[in-house]
Amino acid sequence: MHTVRLELPWDADEWRMHARDALCAGVPPEAISWTGEAQSGLFAGGPDRLTPVRAAPRVSREFLSLVEAVLCHRDPHRHGLLYRLLWRMAEGEAGLLERATDPDVHRARELEKSVRRDNHKMKAFARFREVPGEDDAFVAWFEPQHYIVDRVAPFFARRFAGMRWAILTPYRSAWWDGTTLGLGAGASRDDAPTDDANEALWRVYYANIFNPARLNPRMMRQEMAQKYWKHLPEAHLLPDLIRNAGARVQAMAERLPQAPRRRIPIQPVRKPAAEHEGMPGLKLAVGQCRRCPLWEPATQAVVGEGPDRARIMVVGEQPGDEEDLTGRPFIGPAGKLFNRVLDALEIDREALYITNVVKHFHFQQRGKLRMHVNPLARHVNACLPWLKHELATVRPDVVVCLGATAARAVLGTQFRLSDERGQWRTLPSGQRAFATMHPAAVLRQPAAKREAFLRGFEQDLALLKDVTSELD
């Protein structure tokens with residue numbers, strides 16, 4: 001019997017390493033024992049070194065995804081189950097995962113489904129509370145059903161990138177300092193705040209948005225199991241809200257109809273005051289902009305970022321999902337590709353002023369996803385004064401337009417990116433400018449074309465290499 005002791009029993013890389021060694025050594029599923037508990041601290045390995053007798057097989061991405069989910073389950077037999085599936089596929093059952101009625105496959109899918117459901121519950125019911133005496137520091141206590149902290153923590157790092165936080169659970173903790181995600185030992189309930197000043201306000205808000213006419217206690221408990229209620233401030237209101245629902249519905253039925261009112265009144269657009277001229281005044285004014293309806297569903301306006309006297313200004317189309325949440329331009333997938341190209345060309349992003357034509361995120365909600373939608377001409381026209389203000393304030397020597405929207409806003413509505421990409425133009429103000437594709441357009445290309453588009457994008461941005469040497 002070969003024994004494997006796992007240091008982190010939910011870690012897919014650790015399990016894959018030992019499963020591959022055992023498989024290559026010809027160890028059958030019934031001859032291997034998997035052991036290990038959370039925070040065991042035991043060194044992974046068996047009593048004897050295994051001698052390979054065959055090459056490691058290739059496995060599908062579907063199986064790797066299944067492994068990553070199932071290992072997070074608390075079932076003590078999950079490691080053996082996954083190894084048995086791996087063994088069977090290596091022995092000739094290549095289409096094993098397609099047989100939903102197979103007992104091993106069925107059990108693995110059940111474990112996977114349970115873990116995914118627990119992932120959703122953690123994202124929905126982990127509540128951050130402010131740490132007393134610290135600025136912008138929050139802690140959440142959560143009791144997951146499975147070992148999911150390592151799996152879910154990156155979601156919180158992306159969603160709450162602008163604040164410092166920690167999530168404590170009985171077996172594992174995660175924390176984010178604004179730049180780095182850390183994982184470590186578990187904690188106790190007493191290590192997390194039990195309340196904060198915002199919860200009273202949140203309870204008032206929840207009580208006012210609670211709709212008694214749509215009350216369905218059975219569905220409520222199915223979606224938000226009562227075991228989570230003790231950590232949710234609004235859950236303490238539910239017994240009274242449910243008890244009084246009938247009377248409130250009756251009152252709603254008898255109330256006279258009222259004309260609908262806007263949630264937020266339209267505010268006039270204000271130019272920066274004289275004492276707030278420059279970038280601070282611009283950010284204040286853009287944050288109050290109501291010239292088009294994009295401000296309503298967006299999280300915030302996203303103004304440019306970079307030196308106030310940058311010699312090169314980069315103009316994109318509009319913020320994306322991550323930019324809308326953080327308030328910073330070009331930090332999403334397109335921004336990361338842009339950064340990689342700049343690094344390859346040895347161009348310092350910190351020396352550039354980077355902005356967008358449109359300052360609010362234009363999107364369509366599809367389920368839980370916010371899907372990017374190209375801005376309309378009226379959105380661009382509404383934001384053009386802000387872009388002109390940025391150009392007048394920064395006074396760059398060179399302007400780079402990323403994408404057709406930016407190119408038409410800066411170089412004129414007759415500009416055709418497909419015909420004039422990568423060609424220098426002179427603006428009426430005397431500044432030099434050229435346009436290239438938006439990095440998001442590179443990412444949208446099919447794999448067969450993406451490399452060619454990336455090379456073209458790199459060649460266009462390489463024009464800045466000569467410019468930076470001239471400017472220096």
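For reference, positions follow the sequence shown, starting with 1.
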When rounded to the nearest 0.5 Å, the distance separating CD1 of Ile354 from CD of Glu305 is 7.0 Å
Any heavy-atom pair between the side chains of Arg74 and Tyr147 that's under 4.5 Å? yes
Quick one: does any side-chain atom of Ser114 pair with a main-chain N or O of Glu110 as donor and acceptor, under 3.5 Å? no
Kindly indicate whether the side chain of Leu71, heavy atoms from C-beta on, has any atom under 4.5 Å from the side chain of His79. yes
Take atom CZ of Arg366 as the centre, draw a 6.0 Å sphere, and report whether it contains more than 12 heavy atoms from other residues, nucleotides or ligands. no
When you look at CZ of Arg61, are more than 12 heavy atoms from neighbouring residues, nucleotides or ligands closer to it than 6.0 Å? no
Sub-3.5 Å donor-acceptor pair from the side chain of Gln300 to the main-chain atoms of Leu325, do we have one? yes
Could you check whether atom CZ of Arg16 has more than 12 heavy atoms from other residues, nucleotides or ligands sitting under 6.0 Å from it? no
Within 6.0 Å of NZ in Lys123, more than 12 heavy atoms from elsewhere: yes
Taking every non-hydrogen atom, the tightest pair across Pro9 and Arg78: CB-NH2, 3.4 Å
Validation row, ring centre Phe330 to ring centre His438 under 6.0 Å: yes
Do Leu6 and Thr35 come within less than 4.5 Å of each other through their side chains, counting heavy atoms only? no
If we only count heavy atoms from C-beta on, is the Met313 to Leu352 side-chain gap below 4.5 Å? no
Would you say the ring centroid of Trp165 lies under 6.0 angstrom from that of Phe128? yes
Would you say Gln445's side chain and Ala441's backbone share a donor-acceptor pair under 3.5 angstrom? yes
Report yes if some heavy atom in the side chain of Tyr353 is under 4.5 Å from a heavy atom in the side chain of Pro396; otherwise report no. no
What is the ring orientation for Tyr171 with Trp10, classed by angle as parallel under 30°, tilted 30 to 60°, or perpendicular over 60°? perpendicular
Asp21 side chain near Val4 side chain, heavy-atom distance below 4.5 Å: no
Electrostatic pair Arg88-Glu91, nearest N-O below 4.0 angstrom: no
Heavy-atom side-chain proximity of Phe338 to Leu402 below 4.5 angstrom: yes
Considering the options Lys359, His372, His362, His360, which one meets the side chain to side chain donor-acceptor pair (under 3.5 Å) requirement together with Gln318? His372
Between Ala406 and Val357, what is the shortest heavy-atom contact and its length? CA-CG2, 3.6 Å
With no hydrogens and no angle check, is any side-chain donor or acceptor of Glu323 less than 3.5 Å from a backbone partner on Ile331? yes
Least distance between heavy atoms, Thr180 atom then Asp177 atom: N-OD1, 2.7 Å
Should the heavy atoms of other residues, nucleotides or ligands under 6.0 Å from NE2 of His120 be counted, would the total exceed 12? yes
Return the minimal non-hydrogen interatomic distance between Pro144 and Ile148, and the atom names on each side. CB-CG1, 3.8 Å
Crowding at CD, Glu30 (>12 non-hydrogen neighbours, <6.0 Å): yes
Taking all non-hydrogen atoms of both residues into account, name the closest pair between Ser65 and Arg116 and its distance. OG-NH2, 3.6 Å
Does any non-hydrogen side-chain atom of Trp176 lie less than 4.5 Å from one of Met163? no
Between Pro375 and Thr405, the two heavy atoms sitting closest are CG-CG2, 4.2 Å
Is the ring pair Phe160/Phe156 parallel, tilted or perpendicular, if the boundaries are 30 and 60 degrees? parallel
